[in-house]
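Treat the numbers as computed from the prediction; the structure is a model and nothing was measured. Every chain is numbered from 1 and lettered A, B, ... according to where its sequence line falls, protein lines coming before strand lines.
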Amino acid sequence: MSISVTKRSEDYARWYTDIVQKAELADYGPVKGTMVIRPYGYALWENIRNIADRMFKETGHVNAYFPMFIPESFMHKEAEHVEGFAPECAVVTHGGGKKLDEPLYIRPTSETIIWSMYKKWIKSYRDLPLLINQWANVVRWELRTRLFLRTTEFLWQEGHTAHATFAEAEEETRRIIEIYRILAEDYLAMPVYVGKKTDAEKFAGAVHTYSIEAMMGDKKALQSGTSHNLGQNFAKAFDVTFLNSENKQEYVYATSWGVSTRLVGGVIMTHGDDKGLILPPRIAPYQLVIVPIWRSDDQKARIMEEVAKIKLQFSKADIRFVVDDNEQVSAGWKFNQWEMKGVPLRLEIGPKDIEKQQVVLARRDNGKKQFVAFESLFSVVNQLLEDIQSSIFRQARDFRDENTIEVENYSDFKKIIEAGGFVKAFWAGDGVAEARIQEETKATIRCIPFEQNRKGKCFFTGGAADTWVIFGKSY
RNA sequence: CGGGGCAUAGCGCAGUCCGGUUAGCGCGCCUGCUUUGGGAGCAGGAAGUCGCAGGUUCAAAUCCUGCUGCCCCGACCA
C-alpha cells in the first residue's frame, strides 16, 4: 500500500477512489460493480444509519423487512415504473436446479412487493396511515459504477407509507425531505439545496419527487436523498383500496423515500483533502485518536497511566475514541494514517506533556495544534468537536455558494457550466427545452428549490418566470 | 454498449519493441537488535502457475490468435 493519494487537482476521480481504498472504507468485490464495505466504512454508514433511523422513529415510522425476490408480473403492473427500472434489473431465472415458471426480479426498489402486501393489510381508514421503513440491499445493473456513488448492489433505507388523503401523503413527503436535509446538513455537514424534481428527473411512478442536492469538491451535483409522493399510482396498480369514514371505497395514497450508502461518497467528496478523508465529528467512527509517545519503559508506564484516566473520562462522556499504542510504527506514521482516515481530533501525549500536565490536540480540518492542560481536556475536546463540525459545514457551504452563479442568458450559462459549478437562474422552459440544454451542455435541472420569492425573466426562453432553479452536471 | 488504457510477489512498477542466465526493483510482510514528538535504521529471510486458453519455436513474461477482468472517457441512469 503506497502512502499517499492522487492530488485532487490532478485527477479528482482517482483521488476519490484512492481515498476510498486507502482509508479502508471499501474495496472492489469480485463481481463487476460490486463493493465490499470494510469495517471502517461500515462503521461510518452505521452512524449515519442510526441517526436517520432515530429520526424516522421519532416521526412515527417502524421498521420491517420485505423479500428481495419480486415476481416478474409485479414489476409490470405500474407502467412508468417498469419502464424506468426493467432495463437495470437483475433477474433470477433458475432455482433448485430448474428453470422457474416465473422469473424473479432482484429488487431495484420495493414499491411493488410492498404494495402487494399493503393490499392485504389495508381495509379501512382506521388502518391508515401505515408508516413502514426497511433497511435493505437493492440491486441495479448499472453500466458504469463507482464505489459508494453507484454500485450494482448497495445498502439503503426505503420508507413506504400509505395515507388516506393526498394532502397527508404530501405532508409526509415534505416531512421526510426535511429529515434528509437535517441529516445532510446537521450531521454530515453537507449543505444541500432542497427542492422539487422536474418531470424529466422524477422517480418512475411518482406524481412528484423532492430531493436534496449537494455540491461535491469538483463542483458536480450529488443527488443525496429523494422523497416521492406516489399519489394513487401504486394503489391503482395493486388495487389497494380502503373504506373511508364516509363508507366509500377509495384508492390509498402513497409515498416512498430513501437515502443510501451514496451518502458516504458525498461525505468524502464534500470534505476530503489531499491528505485524505475529513470526517464530521457527529458521524466519525472515531472522533479522536490518542497517540501515546514514549522512549523508555518508565515513560511508557507513566503515560499509559495518564491515558487510562483520559479513556475513562471519554468513555463516560460517550466520546468515540481509539488509542493507537502500536509499538511497531512511528508516531509520524500514525499521524499520517489517522489523517488519511479523517479522524477529527488527534491527542498526542508524551514525556514532555506529562511533566507539564498537558496534552497536544491537533485538528484534522485545519491542522492547528494546541496544548491543553489535563484539567480542561474534556471541555476543550467537546468544544473542538463542535467547532470542527460547524466549521467544515461553513466551509462547504461557502464553497458551494461561491460556485453557484446566477445567470441571465444562455451564453453565460454555458460558460459557468463549462468552467464547473451550479447555475442559479429563472426558468420558464418546458421538458423539451430542458432536454436540449442537457444535450448541449450535459447540465440538468437539479431541483426547483422550495424557497421561491422572486420573479424574473427566463434565461433560456426569455419569458416571464416566477420560479428559479438550480442547474448542474451531476454524478 | 462505443473509444482508450492496463493485467508480472500483498501494493506500486521495470522488463515485452528486438524471444535466450536462476524474472528484477521500491514499499509492505517475517526474524533479531536499535528506535518512537510528522511517513525510523541495520542485518538476515519468505513470498511469483508473469490474467486465462491455445499456437509458433530448440527456447515465450516477451511473438501470434482467442477469451476474461479491471480502470478512465463517452452513451445510459430515481
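- Nucleotide B:rC77 holds its P atom 10 Å from the CD atom of A:E201, rounded to whole Å.
- At a threshold of 4.5 Å between non-hydrogen side-chain atoms, the residues A:M75 and A:F85 count as touching.
- Residue contacts shown for A:V360 include a base, since a base heavy atom lies under 4.0 Å away.
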With the sugar-phosphate defined as primed atoms, P, OP1 and OP2, and the base as all remaining atoms, what B/S/- string results for nucleotides 67-73 of chain B, 5' to 3', for protein heavy atoms under 4.0 Å?
---SS-S

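- A donor-acceptor contact closer than 3.5 angstrom links the side chains of A:T6 and A:D18.
- Looking only at side-chain heavy atoms (C-beta outward), A:M269 and A:Y12 come within less than 4.5 Å of each other.
- Counting atom types as modelled, A:R346 pairs a side-chain N or O with a base atom of B:rG38 as donor and acceptor under 3.5 Å.
- A salt bridge links A:R346 to A:E348: one of the charged nitrogens lies within less than 4.0 Å of a carboxylate oxygen.
- Put simply, the side chain of A:Q370 reaches to within 4.5 Å of the side chain of A:V380, judged on heavy atoms.
- For the side-chain hydrogen bond (donor to acceptor under 3.5 Å, both in side chains) test, no residue two or more places apart in sequence or in another chain qualifies with A:H81.
- Side-chain to base pairing of A:E339 with B:rG38: one donor and one acceptor N or O lie within less than 3.5 Å of each other.
- The P atoms of B:rC11 and B:rG48 are separated by 14 Å, rounded to the nearest whole Å.
- Nucleic acid contact for A:K352: base, since at least one base atom lies under 4.0 Å from a heavy atom of the residue.
- Looking at residues 368-381 of chain A, you'll see A:K369 sit with a heavy atom under 4.0 Å from some atom of RNA chain B.
- A:Y16 has its side chain out of reach of A:V5: every pair of non-hydrogen atoms, C-beta onward, lies at least 4.5 Å apart.
- Considering only residues two or more places apart in sequence or on other chains, A:K275 meets the salt bridge (Lys or Arg N to Asp or Glu O under 4.0 Å) condition with A:E339.
- Going from atom CG of A:N63 over to atom CG of A:N133 covers 5.0 Å, rounded to the nearest 0.5 Å.
- Evaluation of the salt bridge (charged side-chain N to carboxylate O under 4.0 Å, His left out) test over residues 172-184 of chain A, restricted to residues two or more places apart or in two chains, returns A:E171-A:R175, A:E172-A:R175, A:E178-A:R181, A:R181-A:E185.
- Every residue two or more places apart in sequence or in another chain was checked for a side-chain hydrogen bond (donor to acceptor under 3.5 Å, both in side chains) with A:E72, and none qualifies.
- On the P atoms, B:rA60 is 12 Å away from B:rG55, given to the nearest whole Å.
- B:rC29 and B:rC6 are spaced 26 Å apart, taking the C1' atom of each and rounding to whole Å.
- Between B:rC27 and B:rG41, the two C1' atoms lie 16 Å apart (nearest whole Å).
- Identified under the salt bridge (charged side-chain N to carboxylate O under 4.0 Å, His left out) test for residues 210-238 of chain A, with sequence neighbours left out: A:K197-A:E213, A:E213-A:R446.
- Applying the side-chain hydrogen bond (donor to acceptor under 3.5 Å, both in side chains) test to A:W338 and every residue at least two apart in sequence or in another chain returns A:D324.
- At a non-hydrogen distance threshold of 4.0 Å, nothing from residues 468-475 of chain A comes into contact with RNA chain B.
- If you check residues 229-238 of chain A against RNA chain B, you find no residue with a heavy atom closer than 4.0 Å.
- A:Y180 has its side chain out of reach of A:I182: every pair of non-hydrogen atoms, C-beta onward, lies at least 4.5 Å apart.
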List every contact pair, protein side and nucleotides 31-33 of chain B side both N or O, where the distance is under 3.5 Å.
none

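- Taking atom C1' in both B:rU62 and B:rG15, the straight-line distance is 9 Å, to the nearest Å.
- Of the residues in residues 70-88 of chain A, A:F85, A:E88 come within less than 4.0 Å of RNA chain B through at least one heavy atom, sorted by number.
- At the heavy-atom level, A:T209 lies nowhere under 4.0 Å from the strands shown.
- The base-pairing partner of B:rC50, taking Watson-Crick or G-U wobble contacts with both distances under 3.5 Å, does not exist among the strands shown.
- Side chains of A:S256 and A:H160: a donor-acceptor N/O pair is absent below 3.5 angstrom, by distance only.
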